[in-house]
Peer 1: 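Have a look at the structure that comes next, please.
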There are 2 protein chains.
Amino acid sequence: MLASCLSRSFIVGLVALMLTSCGQSDQSQSVTDNTTNNKTYRWKMVTTWPPGFPVLQEGAERFAANIKAMSNGRLDIKVYAGGELIPALQVFEAVSQGTVEMGHGSAYYWAGKVPEAQFFSTVPFGMTALGMNSWLYDGGGLELWREIYKPFHVIPFPLGNTGVQMGGWFNKEINSVDDLQGLKMRIPGLGGKVLAKAGGNPVLLAGSEVYSALERNTIDATEWIGPYHDERLGLYRAAQHYYYPGWHEPGTVLELTINERAWNSLPADLQAIVTNAAQAENLAMLSEMEQKNAEALQILKDRDDITIAPFPDDVLQRLKTLSEETLEEEAAKNPKFKRVYDAYQKFRKKDAAWSEISEQKYLNIESAQ
Amino acid sequence: MLASCLSRSFIVGLVALMLTSCGQSDQSQSVTDNTTNNKTYRWKMVTTWPPGFPVLQEGAERFAANIKAMSNGRLDIKVYAGGELIPALQVFEAVSQGTVEMGHGSAYYWAGKVPEAQFFSTVPFGMTALGMNSWLYDGGGLELWREIYKPFHVIPFPLGNTGVQMGGWFNKEINSVDDLQGLKMRIPGLGGKVLAKAGGNPVLLAGSEVYSALERNTIDATEWIGPYHDERLGLYRAAQHYYYPGWHEPGTVLELTINERAWNSLPADLQAIVTNAAQAENLAMLSEMEQKNAEALQILKDRDDITIAPFPDDVLQRLKTLSEETLEEEAAKNPKFKRVYDAYQKFRKKDAAWSEISEQKYLNIESAQ
């Protein structure tokens with residue numbers, strides 16, 4: 001029984017109001033048949049990942065399947081891996097031009113076109129997943145991101161996070177900053193700029209070439225992702241020194257991009273479905289990365305032909321100083337970069353003060369013997 | 001004018017329901033008919049939170065609004081705060097019996113009925129939000145939780161997380177374990193048992209009584225949630241020493257409970273909508289807690305009439321040892337509790353090894369001066 005019953009006359013009045021006011025308004029929300037709501041949307045989504053790439057490509061496919069299930073097939077998204085329809089690094093352009101409706105990748109892949117977008121992905125010594133999600137959803141980050149992508153007619157959503165990555169695989173021990181001199185390391189983007197400042201030699205290599213380059217000593221070191229993906233790629237066979245933490249990628253946000261016109265063509269219920277599915281999958285990928293990395297770390301620890309060690313503190317401190325310098329320099333030469341950097345830093349400062357007495361303090365106590 | 005217009009057939013169905021069901025039996029689930037997919041489900045969700053309670057009650061209401069938007073009104077959930085329809089601590093029972101279709105709360109509230117459910121909420125010196133989500137979604141935790149609730153005909157989903165809480169407000173400094181002797185502290189559940197082992201005197205008080213009890217020195221200390229909720233409750237006016245971290249609640253999972261029969265009555269698309277909405281809102285509440293706690297901490301830090309300090313290391317070490325003892329003792333006397341404890345510990349051990357070299361190591365480096 002209803003908690004409180006309304007009088008018949010009130011109901012009749014309410015109905016009269018509903019019937020008259022509905023007649024004049026936007027009908028796009030009407031439930032039954034005819035128009036908008038029974039239309040089936042067949043969309044294409046292109047990603048930057050190799051076919052079948054664990055967690056990331058799988059997550060994009062799960063996201064599409066969830067939308068199909070929720071919409072009862074009314075929004076049917078076919079997912080293509082990098083290169084299947086569009087080359088991986090042209091995903092943003094394809095979504096921007098409307099060649100496809102959706103993309104999945106990470107914002108730092110478009111650093112050449114939109115340098116400030118890197119803050120919506122990850123930056124060296126930046127925030128972890130908890131801070132990034134908090135900034136994006138509740139600290140104004142997502143609104144800023146949408147404003148930055150607006151000229152490209154692209155609407156971004158967070159869709160996954162790798163968590164803290166690993167520092168990478170090295171063919172020699174790193175005992176001091178001197179050991180970075182001349183080091184040929186595959187490390188793209190801002191992390192590469194920081195390494196260069198430290199005296200290293202960053203090398204650009206496609207993911208598919210990383211293993212063989214390291215194995216043949218064309219490079220001395222490479223970063224990749226975390227224990228799970230690194231173990232699958234077999235990097236432990238190509239280099240024996242595995243370092244942590246991934247100072248250059250402390251919580252990489254993956255992004256869903258949607259062509260603005262395609263988005264606007266969706267009725268409100270399908271927009272709500274996409275929004276919720278993206279947020280759900282954002283958490284799903286982060287949680288899966290955590291579990292799979294924990295499993296894989298144990299496997300790697302059981303190998304006696306590799307060492308797993310932290311970078312020395314002075315190396316990390318040097319990289320941190322150089323990371324701050326790098327971001328300051330980029331900001332000095334690009335006002336848009338500076339604007340996002342300032343917003344990021346403002347949020348981050350407050351978040352760090354809280355993180356230090358909550359997450360960080362607790363983890364330190366909990367793990368103490 | 002109403003924000004969204006309902007179809008004429010829906011209104012007619014609604015009126016029919018209102019007219020016939022007032023004063024009669026519960027017809028609340030049949031509104032319009034036709035096929036499965038045009039049927040409208042009117043559900044009730046009861047929560048354990050006070051009306052308007054920030055983040056938690058607000059999050060439950062946002063979750064319901066998202067489902068309504070995604071389903072175009074086909075699943076319409078009315079949310080009631082604790083006491084509005086059902087007393088807060090009878091939420092589980094009401095969902096179990098089918099009095100209402102949905103509940104929102106946290107599993108440790110039902111510790112008297114299902115002691116092992118506490119692991120699906122939080123335990124002293126347990127996992128943080130990242131580990132809990134990873135265990136629940138990818139480590140078998142949710143399957144185990146569903147099995148535990150199965151005899152009650154209740155299906156649980158994670159729906160929110162408080163993040164690491166604060167240790168609480170004390171009317172004196174805590175400099176050593178001796179300062180806990182005889183301490184009258186409002187701290188429920190397992191945390192209270194641990195405090196008792198440490199020589200303290202745990203007191204049970206409803207949330208509504210906490211402030212005045214502390215202010216009148218009926219109790220010496222209380223835990224509550226984190227800076228945001230604590231600041232709003234004005235606890236800084238009742239006690240001057242604010243301690244961290246919240247060793248007793250390091251990442252409290254909030255739960256959605258659904259009556260099994262009600263769940264089974266939903267078509268697959270609405271089930272998918274509920275599942276995704278819950279996962280999205282799980283992340284939404286955690287992210288919002290992080291942002292609001294960071295803001296509130298700054299406000300509290302600006303006050304010069306309180307101190308914000310860590311518990312001394314030896315106090316935390318003692319509480320940790322006693323927490324392990326407490327869980328072992330509960331496990332020894334209850335095989336169901338032991339079964340969940342063992343599963344939790346098995347996952348947690350692996351997760352901790354990864355967390356130490358990823359999240360924890362990174363946070364320590366990132367915050368170092």
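Source: prediction; values computed, not measured. Numbers restart at 1 for each chain; the letters A, B, ... are given by sequence-line order, proteins then strands.
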Peer 1: So which residue, Ile357(A), Leu316(A), Val164(A), Ile273(A), ends up with the most heavy-atom pairs under 4.5 Å with chain B?
Peer 2: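 Looking at each option in turn, the highest pair count goes to Ile357(A).
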
Peer 1: Roughly how far apart are Asp138(A) CG and Glu295(B) CD, rounded to 0.5 Å?
Peer 2: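 One finds 10.5 Å between CG of Asp138(A) and CD of Glu295(B).
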
Peer 1: Determine the option with the most heavy-atom pairs under 4.5 angstrom with chain B, choosing from Pro310(A), Gly139(A), Pro227(A).
Peer 2: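 Answer, by heavy-atom pair count under 4.5 Å with chain B: Pro227(A).
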
Peer 1: Looking at CG of Leu286(A) and CG of Leu130(B), how far apart are the two atoms once the value is rounded to the nearest 0.5 Å?
Peer 2: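 Result: 5.5 Å between the selected atoms.
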
Peer 1: Who among Lys78(B), Glu290(B), Glu84(B), Gln279(B) has the most heavy-atom pairs with chain A under 4.5 Å?
Peer 2: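 Maximum pair count with chain A is reached by Glu290(B).
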
Peer 1: Using non-hydrogen atoms and a 4.5 Å limit, figure out which bit of Gln298(B) sits close to chain A: side chain, backbone, both or neither.
Peer 2: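 Contact with chain A: side chain only.
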
Peer 1: For Ala296(A), is it the side chain, the backbone, both, or neither that has a heavy atom closer than 4.5 Å to a heavy atom of chain B?
Peer 2: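 Interface part for Ala296(A): neither.
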
Peer 1: So, the side chain of Asn72(A) versus the backbone of Asp269(B): is there a donor-acceptor pair under 3.5 Å, distance only?
Peer 2: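 Side chain of Asn72(A) to backbone of Asp269(B): no pair is present.
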
Peer 1: For Met132(B), is it the side chain, the backbone, both or neither that has a heavy atom under 4.5 Å from a heavy atom of chain A?
Peer 2: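 Met132(B) has no heavy atom closer than 4.5 Å to chain A.
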
Peer 1: Please find the pair of heavy atoms, one from Trp247(B) and one from Tyr362(A), that lie closest to each other, and give the distance.
Peer 2: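 Looks like CA-CE1, 4.2 Å.
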
Peer 1: Using heavy-atom distances under 4.5 Å, tell me whether Ala278(B) contacts chain A through its side chain, its backbone, both, or neither.
Peer 2: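 Neither; nothing under 4.5 Å.
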
Peer 1: Taking Asn276(A)'s backbone N and O only, do any of them form a donor-acceptor pair with Asn276(B)'s side chain (distance below 3.5 Å, no angle check)?
Peer 2: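 Judged by distance alone, no pair lies under 3.5 Å.
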
Peer 1: Looking at Lys361(A) and Tyr244(B), would you say the former's side chain and the latter's main chain have a donor-acceptor pair under 3.5 Å?
Peer 2: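 Checking the backbone N and O of Tyr244(B) against the side chain of Lys361(A), no donor-acceptor pair under 3.5 Å is found.
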
Peer 1: In Å, rounded to the nearest 0.5 Å, how long is the span from CG of Leu270(A) to CE of Met70(B)?
Peer 2: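 Result: 11.5 Å between the selected atoms.
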
Peer 1: Using a 3.5 Å distance criterion without hydrogens, assess whether the side chain of Ser134(B) forms a donor-acceptor pair with backbone atoms of Gln291(A).
Peer 2: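 Yes, Ser134(B) side chain to Gln291(A) backbone: donor-acceptor pair under 3.5 Å.
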
Peer 1: Indicate yes or no: at least one non-hydrogen side-chain atom of Ile365(B) is less than 4.5 angstrom from one of Phe311(A).
Peer 2: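 Result no, sub-4.5 Å side-chain heavy-atom pair not found.
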
Peer 1: Among Ala280(B), Ala272(B), Gly167(B), Ala294(B), who wins on heavy-atom pairs under 4.5 Å with chain A?
Peer 2: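 Maximum pair count with chain A is reached by Ala280(B).
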
Peer 1: Given that the side chain runs from C-beta out, which part of Lys301(B) has a heavy atom under 4.5 Å from chain A: side chain, backbone, both or neither?
Peer 2: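 Looking at Lys301(B), just its side chain touches chain A.
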
Peer 1: What part of Tyr137(A) gets within 4.5 angstrom of chain B, counting heavy atoms only: side chain, backbone, both, or neither?
Peer 2: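 The answer is the side chain of Tyr137(A).
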
Peer 1: Can you measure from CG (Asn364(A)) to CD (Glu356(B)) and round to the nearest 0.5 angstrom?
Peer 2: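 It is 9.5 Å, given to the nearest 0.5 Å.
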
Peer 1: Could you give the distance from CD (Glu366(B)) to NZ (Lys320(A)), rounded to the nearest 0.5 Å?
Peer 2: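 If we round to the nearest 0.5 Å, Glu366(B):CD and Lys320(A):NZ are 6.0 Å apart.
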
Peer 1: Name the region of Lys68(A), side chain, backbone, both or neither, that has any atom closer than 4.5 Å to a heavy atom of chain B.
Peer 2: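 For Lys68(A), there is no contact with chain B at all, as no heavy atom is under 4.5 Å.
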
Peer 1: What's the separation between atom CG in Asn293(B) and atom CG in Asp351(A), rounded to the nearest 0.5 Å?
Peer 2: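 The CG atom of Asn293(B) sits 10.0 Å away from the CG atom of Asp351(A).
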
Peer 1: Looking at Leu283(B), Leu297(B), Asp313(B), Ile308(B), which has the largest count of heavy-atom pairs under 4.5 Å with chain A?
Peer 2: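 It is Leu283(B).
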
Peer 1: Might you point out which heavy atoms bring Asn133(B) and Ser287(A) nearest each other, and give the distance in Å?
Peer 2: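 Looking at all heavy atoms of both residues, the closest pair is CB-OG, 3.6 Å.
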
